[in-house]
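By convention in this document, chain letters (A, B, ...) are assigned in the order of the sequence lines, proteins followed by strands, and residues within each chain are numbered from 1. Please read these numbers as outputs of a predicted model, since none were measured by experiment.
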2 protein chains.
Amino acid sequence: MNSVTSKDLANFKVGVDNVIFSVDTQQNRLLVLLSKRLKTPFLNSWSLPGTLVQEGESLEKAAYRTLSELIRVNNLYLEQLYTFGGPNRDPRESPESFGVRYLSVSYFALVRYEEAELIQKSSSPSWYMIEKIPQLAFDHNQILEYGHQRLKSKLKYSPIAFDVLPELFTLNDLYQFYITILGENFSDYSNFRNKLLKLGFLSDTGIKVSKGAGRPASLYRFDEPSFTPLKDKPLLFI
Amino acid sequence: MNSVTSKDLANFKVGVDNVIFSVDTQQNRLLVLLSKRLKTPFLNSWSLPGTLVQEGESLEKAAYRTLSELIRVNNLYLEQLYTFGGPNRDPRESPESFGVRYLSVSYFALVRYEEAELIQKSSSPSWYMIEKIPQLAFDHNQILEYGHQRLKSKLKYSPIAFDVLPELFTLNDLYQFYITILGENFSDYSNFRNKLLKLGFLSDTGIKVSKGAGRPASLYRFDEPSFTPLKDKPLLFI
DNA sequence: ACAAAAGTGTTACCGTTACACCCATGC
DNA sequence: GCATGGGTGTAACGGTAACACTTTTGT
């Protein structure tokens, strides 16, 4: 940081906007949480749930606060996405408003759908299917698209699925989860199975569970310790 | 962004800090550009080159401005890295200073070493070998480490090397470049060669160049059009 | 018995790895 | 001629992809 006279420096408010995904495993739908804006600008538009950062609050804490004001959920994955900070991305930046800039640090979250209880309030948070996202406030459609890309690549390289699946799950549950996010053609079931089991961090509990007709499935559990050695190796889960 | 009373909102200055890498291909050294701080806090400490964002200036433009004030360079790759924004990461955030927060959006850059001409000024920018980084101001050691990780993974998945190598280069030049960043053991030369040539975006110019004794090497060129179809495919360059 | 769901096996193919080897030049 | 740097070839191995097939359940 160098010698510019401080009268040239921009003053910022910093917002945190969250791209919150969940997978409805019953209906195999990928969902995004949107909320209705209660203030200008873009009053009543749909938008990514966000908030302005308060004094003494970290960025991540602001992201968690937004989340906790909309849904009650214990199992989730959250990471920083990207920072959008160009001038004129927010209409409040008009010259009359003393040149305050609005910067958005976006976060990406994946939460357990079954558990996520929406807190009904005036911002009426609701889940939208990824294919049916309406026009959003600000540059939020762009941020959402960026988050969607990140979700897809994260899923391939990292075990984020297990942060969000129930403790015990069948391999088919897992497969459906992957399919819902990555699409039908990413791998066939038998190969998916073999690959994941060979990696060795899924342990068979022996417990069987039946889904109507057909052979009962084994319940598996993600075994954290067996996974750690694989951390930051360039493995694909496909 | 929701209903908090605006007196609780933090006010920010936004800084841009750059992790600027280059590869000294003569001596196979990976270098990072550091500059000396001319102001408190951390007066005279080494730090990542950075600046505070000015009115009307985009984040990326601020990153380019910092760069251009320190070095003259035409060939480079630049992308956003991460945003560090916790409270108390900057000593200027003491209560007496009206609670202004300092947030840092970090950028990651790779520049052509041979071409990069350092602009000697009081901040005395200089290249440091990655193994010999001193104690830096703020949380800059952490940011640098983060940038180093990004450099290594980027190199494996993206053609950023060609943004920085000369127009024409030998396969051995390319190999040395990779080795300098990724270490000796990432691949043997013959396999590296075969893999890259099979990908089909390196075209042999036929021009030969000699390096002392030994058989002369062919000069190759990166062929952008042949690369485009491979974009965003999950290929490893290793 | 038969359909549905889960799980196993098989085979062809392709990329990776670790080498050994050949080629062209300077001294 | 021989060291040096550049370039080619190959054989073992392991993962992937596309299937067919078997097993266990409900009705």
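Counting distance only, with no hydrogens placed and no angle test, the side-chain atoms of B/N191 and the base atoms of C/dA18 include a donor-acceptor pair under 3.5 Å.
Between the side chains of B/D17 and B/S106, no donor N or O sits under 3.5 Å from an acceptor N or O. Using modelled atom types and a 3.5 Å distance limit, the side chains of A/T83 and B/T83 yield a donor-acceptor pair.
Atom CZ of B/F192 is separated from atom C1' of D/dG7 by 14 Å (rounded to the nearest Å). What separates CG of A/N194 from C1' of C/dA6 is a distance of 13 Å, to the nearest Å. Put simply, CZ on A/R193 is 5 Å from P on C/dT8, counting in whole angstrom units. Rounded to an integer number of Å, the gap from CG of A/D188 to P of C/dA6 is 15 Å. One interatomic measurement links the two molecules: CD1 of A/I207 to C1' of C/dA6, which rounds to 17 Å at whole-angstrom precision.
When heavy atoms are screened at a 4.0 angstrom cut-off, B/S190 is found touching base atoms of the nucleic acid. Within 4.0 Å of B/K198, counting heavy atoms only, lies no atom of the nucleic acid at all.
Nucleotides of DNA chain D nearest to A/S187 and A/S210 differ in position, and the one nearer the 5' end is that of A/S187.
Expressed to the nearest 0.5 Å, how far CH2 of B/W46 lies from CG of B/L33 amounts to 9.0 Å.
A donor-acceptor pair is defined here as one N or O able to donate and one able to accept, closer than 3.5 Å; no such pair exists between the side chain of B/S47 and the backbone of B/S45.
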